[in-house]
Chemist: 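Take a look at the following structure, please.
Atoms considered below: every heavy atom in the structure, side chains included; atoms not considered: hydrogens, waters and symmetry mates. Letters go in sequence order (proteins before strands), and every chain restarts at 1.
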Amino acid sequence: MAQAKPVHIVWHRAELRTHDHPALNHALELAKADGGVVVPVVIIDDAIFSRSDLTPRRQAHFLENVRALRESYRSLGANLVVRRGDVVKELEMLVREVGHVASAHVVSTYTPYAKKRDEKARKMLAEHKVEWHAHGGQYTHEPGEVLTNEGKRYGVFGAYRKKWVTLDKPDIVEAPEKMAPLPTKINVGDIPRVESDIVLPEAGEDAALGRLEWFLKNGEKTYEKTRDEPGREDSTSRLSYYFNIGALSPRLAYYQSKNEKWRAELTWWDFYADVMERCPESATQEFRAKWLGFPWRDGHDKASKADLEKWKNAETGYPLVDAGMRELNQTGFMQNRVRMVCASFLCKHLLIDWRVGEEIFRGLLLCGDRNQNVGNWQWVAGCGVDPSPYFRIFNPTSQGKKFDSNGDYVRRWIPELKDVPAKSIYEPWKMRDKPKGYPTEPIIGLEEGRDRFAETARQFLREKRDEAKRDEK
DNA sequence: TCCCTATTCGA
DNA sequence: CGAATAGGG
């Protein structure tokens, strides 16, 4: 009887692509050397799929990209195995089913859950004599790679970025041109469908690569300026939801881009992953100790709950905030500058806990990545890694006038304001004939909200400082 | 990746 | 008297 071919498993998690995929590449090399076959697999993780932040739209987005990945593999001559359940158990069942598994390959992710999961999988595979290979690839520089001259992690983005640019970047690995078919005895499995509440962007690596090309052609050259203009379609790359599920390699984006400002955005992706890997408790706690215990309103009591609902439902009466929240609700995306304005409005003017906003954004954004989302919310709230003065309070009116002066963005998302002229578009409450269907009064006065936050912060930080002094003595 | 106010500057 | 700029929160 002929000896069965060795099998090399590629376990995809959050890198749903075949291009620049070091784990796939290595598995293919091993298969070439030992005459074996590569079996790619996605296991839909019940532990992740049952989490409340994985809303139907995000489940659907993920699953459609799994479907597209299967198509990528089919066009190479192979296929993608799809399972669902407890990931380690499913992986073990697959190993038993396939037999002769020599190695398993993954691209690493670094959340506490991911690290625990991989450790369990590695141990299980060792019992079956399967070699475990963890590769980089989800980041340009993996957590822990960018270190100070003293070998420590960076605590400020500016310094991290400075070092980041000096480091040699990993080579892109070639996408395979052809693969061997999967052993016929393997049941490839169905990919479930989940109904999304919104229209999803086109799934798959081809769509992601196409989007990158589009951005490099249209938006990149003028990125420094136009990234602040939410009214423009090409204002930002809109690649975040491809990066998040790994339909696009961040390293490829780095190599193809010429714009350092945009490359700096890619650096943030690495930086916030590095921060979270080093300090996992910052997922739910203020990174800066002096902000621990800040008296945020929590969105549970009657008054703050009412405010929170208005913010969520785009009924604050501030057109830029409401337009942003509608874009988010309706598309799973929000333009970058508007994200800052909406987030700042919640934390500062409404004094509501950044964690509350973070969770809402994470569920609604297709790119809802924990590391990035937490990092950015803490940045806005002023309690994050980067030193940020508490008085950074965005004014939704002046931001609108400055960056979307004719109001195109606002009118696109708030049809009730479609006839409002540019000079009133950010202050519709001052109009004599107020637009129908839109709040006639803002939820809170800008000065009132601003002062309340500033006063609360001043007092809190003073007490905190005095406390620290007392402890010193 | 800020906001506001005071002040200066040029018309 | 509006635009540009500096300083401080």
Chemist: Centroid separation under 6.0 Å, is that true for the rings of A/Phe345 and A/Phe394?
Modeler: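 No, the ring of A/Phe394 stays outside the 6.0 Å limit from the ring of A/Phe345, centre to centre.
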
Chemist: Give the rounded distance in Å between these two atoms: CZ of A/Phe460 and P of C/dG9.
Modeler: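 Nearest whole value for this atom pair: 21 Å.
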
Chemist: Whole angstrom is fine here: how far is it from CD in A/Glu447 over to P in C/dG9?
Modeler: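 So the two atoms are 18 Å apart, to the nearest Å.
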
Chemist: Rounded to whole Å, how long is the line connecting atom CD of A/Glu455 with atom P of B/dC3?
Modeler: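 Value for this atom pair: 20 Å.
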
Chemist: Over how many whole Å does the gap from A/Lys401 atom NZ to C/dA3 atom C1' extend?
Modeler: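 Those two atoms, NZ and C1', are 16 Å apart.
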
Chemist: Over 60° means perpendicular and under 30° means parallel, so tell me whether A/Tyr254 and A/Trp164 are parallel, tilted or perpendicular.
Modeler: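 Rings of A/Tyr254 and A/Trp164: perpendicular, as their planes differ by over 60°.
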
Chemist: Assert yes or no for the condition that the ring centre distance of A/Phe361 to A/Trp377 is strictly below 6.0 Å.
Modeler: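 Ring centroids of A/Phe361 and A/Trp377 are less than 6.0 Å from each other.
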
Chemist: Taking CG from A/Leu320 and C1' from B/dC2, how many angstroms apart are they, rounded to a whole number?
Modeler: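 Going from CG in A/Leu320 over to C1' in B/dC2 covers 15 Å.
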
Chemist: Under 4.0 Å between a side-chain N/O of A/Gln399 and OP1 or OP2 of B/dT1, yes or no?
Modeler: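 Result: no.
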
Chemist: By the 4.0 Å heavy-atom rule, please label A/Arg458 as base, sugar-phosphate, or nothing.
Modeler: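 It contacts sugar-phosphate atoms only.
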
Chemist: Are a donor atom and an acceptor atom from the side chains of A/Asn259 and A/Glu224 found within less than 3.5 Å of each other?
Modeler: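 Side chains of A/Asn259 and A/Glu224: pair found under 3.5 Å.
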
Chemist: Can you tell me how far C1' of B/dC2 sits from CG of A/Leu446, to the nearest Å?
Modeler: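 From A/Leu446 CG to B/dC2 C1': 14 Å.
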
Chemist: Check the distance between C/dG9's C1' and A/Arg392's CZ and give it to me in whole angstrom.
Modeler: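 Nearest whole value for this atom pair: 14 Å.
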
Chemist: Tell me whether A/Arg411 forms a cation-pi arrangement with A/Trp413, defined as NZ or CZ under 6.0 Å from the six-membered ring centre and within 45 degrees of its axis.
Modeler: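 Relative to the ring axis of A/Trp413, which defines the angle, A/Arg411 lies outside at least one limit.
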
Chemist: Round to the nearest Å and state the distance from A/Gln459 atom CD to C/dG9 atom P.
Modeler: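 After rounding, the reported distance stands at 18 Å.
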
Chemist: Report which part of the nucleic acid A/Glu224 touches: base, sugar-phosphate, or nothing (heavy-atom distance under 4.0 Å, all strands).
Modeler: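 A/Glu224: no heavy atom of the nucleic acid under 4.0 Å.
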
Chemist: Give one of base, sugar-phosphate or nothing for A/Asp228, where a contact means two heavy atoms less than 4.0 Å apart.
Modeler: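 The answer is nothing, as A/Asp228 stays clear of every strand by at least 4.0 Å.
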
Chemist: Applying a 4.0 Å non-hydrogen cut-off, can you work out what A/Phe391 is touching in the nucleic acid: base, sugar-phosphate, or nothing?
Modeler: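 A/Phe391: base contact, heavy atoms under 4.0 Å.
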
Chemist: Assign A/Ser398 to base, sugar-phosphate, or nothing according to its heavy-atom contacts below 4.0 angstrom with the strands shown.
Modeler: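 It contacts sugar-phosphate atoms only.
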
Chemist: Using OP1 and OP2 only, check whether a side-chain N or O of A/Asn395 sits under 4.0 Å from B/dC2.
Modeler: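 So the side chain of A/Asn395 is outside the cut-off, no N or O lying under 4.0 Å from OP1 or OP2 of B/dC2.
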
